[in-house]
Amino acid sequence: MADRRLQVFYTVVKAGSFTKAAERLFMTQPAVTFQIKQLEEHFNTRLLERGHGKLKLTPAGEIVFAYAEKMLSLDEELETRVAELTSELSGLLSVGASTTLATWWMPRVIEEFKRAHPRVIPRLVVGTSQLTQQRVLERELDLGFIEIATKEPGLEQEEISRDELWAIFAPNHPLAKGKGKPVRAEQLAKHPFIQRDPGNGIREIAEAFFEASGIAPEALEIAAEIGTLQGVKHLAAAGIGVAIASRAALLEELRTGQLAAAPLDPPQYTPFELILPKDRFRSRLIMTFADFARERIQTMERQLPSAEFFFGR
């Protein structure tokens with residue numbers, strides 16, 4: 001229902017270019033340019049400065065953008081509110097998740113939610129906890145699941161569960177001789193360490209684990225810095241180094257003997273945080289999924305095998 005010219009203008013600003021906006025809107029670039037020109041003629045002023053491959057809002061453009069954002073948000077809210085009264089849950093749901101949560105937890109949550117609500121189209125966007133937080137703040141995502149406790153004022157955050165972190169290494173690694181005996185930071189620091197990428201929640205917890213034992217993260221011998229959990233597990237299994245990972249993500253490799261693992265001493269846990277943007281309308285779909293995910297993740301965490309199951313303690 002919102003003015004098409006405002007929709008196009010808003011998308012151009014968010015995308016940062018006419019070309020990208022055209023792709024998102026499934027329009028031709030000349031059509032996008034025409035819509036912007038019409039809007040500028042309506043207000044009798046230039047809204048965008050174009051130069052050196054970049055777009056910049058004029059003072060008038062900043063005002064129009066701010067109101068366009070509010071109007072499009074209200075338009076979305078209106079459509080959703082009416083639809084909720086007349087139909088079952090449906091539509092696109094944009095969910096962000098950190099790499100650990102996206103690897104094991106979220107696919108299971110989404111599978112069960114999709115079976116209960118087949119008309120919903122879940123869209124899972126994977127990134128570091130830091131990147132996911134930023135995307136939710138910028139309202140590119142409806143909600144997110146991360147592993148970093150944050151005090152960002154623009155977000156509502158709730159710790160909904162947690163998982164224990166274990167050290168992982170190749171089955172023939174010297175630490176594997178301990179047969180699951182908890183390992184201290186000093187023991188891990190004697191071996192090349194496979195680090196996660198900056199902004200990753202487990203990286204922050206791992207660095208704090210070493211620092212608590214007087215070991216500066218920069219003093220570690222870094223074997224590699226990997227942005228994917230699968231990559232970390234692969235290198236650890238190949239004997240490239242040791243690493244720290246979430247217990248739930250290790251179940252298959254421990255069962256098949258591809259990896260060996262041991263709890264940390266003292267025990268370390270990664271929190272699972274649900275984040276939502278503050279002061280934004282939340283549809284019944286968003287809140288239903290948030291409640292569903294909270295309950296399922298908590299149930300799944302309670303059902304995970306303990307260290308005693310794997311290591312006989």
Taking atom types as modelled, is there a side-chain donor on [X] or [Y] under 3.5 Å from an acceptor on the other?
X: Gln130; Y: Thr128; value: no
X: Thr299; Y: Glu295; value: yes
X: Gln29; Y: Thr19; value: yes

Which heavy-atom pair separates [X] from [Y] by the least distance, and what is that distance?
X: Phe210; Y: Ala185; result: CE2-O, 3.5 Å
X: Ala68; Y: Leu6; result: CB-CD2, 4.0 Å
X: Glu252; Y: Arg255; result: OE2-NH2, 2.6 Å
X: Leu143; Y: Ala290; result: CD1-CB, 3.9 Å
X: Gly227; Y: Arg196; result: O-NH2, 4.3 Å
X: Pro171; Y: Ala176; result: O-CB, 3.3 Å

Same hydrophobic cluster for [X] and [Y], using side-chain heavy-atom links shorter than 4.5 Å among ILVMFWY?
X: Phe43; Y: Phe65; answer: yes
X: Phe9; Y: Met27; answer: yes
X: Val125; Y: Leu131; answer: no
X: Leu235; Y: Phe193; answer: no
X: Leu137; Y: Phe145; answer: no

With a 4.5 Å limit on heavy-atom distance, are the side chains of [X] and [Y] in contact?
X: Leu254; Y: Ile168; answer: no
X: Met300; Y: Val109; answer: yes
X: Gln195; Y: Glu207; answer: yes
X: Ile205; Y: Pro271; answer: yes
X: Val12; Y: Val32; answer: yes
X: Thr228; Y: Thr99; answer: no
X: Leu188; Y: Leu264; answer: yes
X: Ile244; Y: Val232; answer: no

Roughly how far apart are [X] [atom1] and [Y] [atom2], rounded to 0.5 Å?
X: Leu47; Y: Leu39; atom1: CG; atom2: CG; result: 5.5 Å
X: Arg5; Y: Phe34; atom1: CZ; atom2: CZ; result: 9.5 Å
X: Ile240; Y: His234; atom1: CD1; atom2: NE2; result: 8.0 Å
X: Glu23; Y: Thr11; atom1: CD; atom2: OG1; result: 12.5 Å
X: Ile194; Y: Leu220; atom1: CD1; atom2: CG; result: 12.5 Å
X: Leu101; Y: Ser246; atom1: CG; atom2: OG; result: 7.5 Å

>> For Arg115, run the side-chain hydrogen bond (donor to acceptor under 3.5 Å, both in side chains) check against Glu112, Glu111, His117 and tell me which one passes.
In response: Glu111
Counting only N and O atoms by type, is there a donor-acceptor contact under 3.5 Å from the side chain of [X] to the main-chain atoms of [Y]?
X: Asp142; Y: Ser94; value: yes
X: Lys114; Y: Val120; value: yes
X: Glu40; Y: Lys37; value: no
X: Lys233; Y: Ala249; value: yes
X: Asp163; Y: Thr270; value: no
X: Gln157; Y: Ile148; value: yes
X: Ser90; Y: Arg119; value: no

With a cut-off of 6.0 Å (strictly less than), are more than 12 heavy atoms of other residues, nucleotides or ligands near [atom1] of [X]?
X: Lys20; atom1: NZ; value: no
X: His191; atom1: NE2; value: yes
X: Arg123; atom1: CZ; value: no
X: Arg135; atom1: CZ; value: yes

> Phe289: what forms a ring pair (Phe, Tyr, Trp, His ring centres under 6.0 Å) with it, not counting sequence neighbours?
Replying inline: Phe113
> Listed by chain and number, what are the side chain to side chain contact (heavy atoms under 4.5 Å, CB included) partners of Glu158, not counting sequence neighbours?
Replying inline: Ile160, Leu274, Arg294
> Should Arg203 and Glu225 count as an ion pair when the cut-off is N to O under 4.0 Å?
Replying inline: yes
>> For Glu152, is there an ion pair with Lys278 - N to carboxylate O distance below 4.0 angstrom?
In response: no
> salt bridge (charged side-chain N to carboxylate O under 4.0 Å, His left out) with Glu301: which of Arg296, Arg247, Arg162?
Replying inline: Arg247
>> Less than 6.0 angstrom from the centroid, inside 45 degrees of the normal: does Lys70 satisfy that with respect to the ring of Tyr67?
In response: yes
>> Would Ile36 and Phe18 count as a side chain to side chain contact (heavy atoms under 4.5 Å, CB included) here? Give the steps.
In response: CA-CA 10 Å; Ile36 299 299; Phe18 283 70; 3.8 Å; yes
> Which is it for Val136 and Leu276 under the side chain to side chain contact (heavy atoms under 4.5 Å, CB included) test, yes or no, and what are the steps along the way?
Replying inline: CA-CA 7 Å; Val136 173; Leu276 292 154; 5.7 Å; no
>> For Phe272 and Trp105, I'd like to know if the aromatic rings sit close, meaning centre-to-centre distance below 6.0 Å.
In response: yes
> Should Ile202 and Thr100 be marked as a side chain to side chain contact (heavy atoms under 4.5 Å, CB included) after you check the CA-CA gap, both sets of side-chain angles, and the distance that decides it?
Replying inline: CA-CA 9 Å; Ile202 291 180; Thr100 294; 3.3 Å; yes
>> Using the rule given for side chain to side chain contact (heavy atoms under 4.5 Å, CB included), can you reason through Arg108 versus Ile297, listing the C-alpha separation, both sets of side-chain angles and the distance that settles it, and then say yes or no?
In response: CA-CA 9 Å; Arg108 289 160 174 79; Ile297 289 175; over 6 Å; no
>> Let's go through Gln258 and Thr256 carefully: what are the C-alpha distance in whole Å and the side-chain angles of both, what is the deciding distance for side chain to side chain donor-acceptor pair (under 3.5 Å) to 0.1 Å, and is it a yes or a no?
In response: CA-CA 6 Å; Gln258 294 173 265; Thr256 59; 2.9 Å; yes
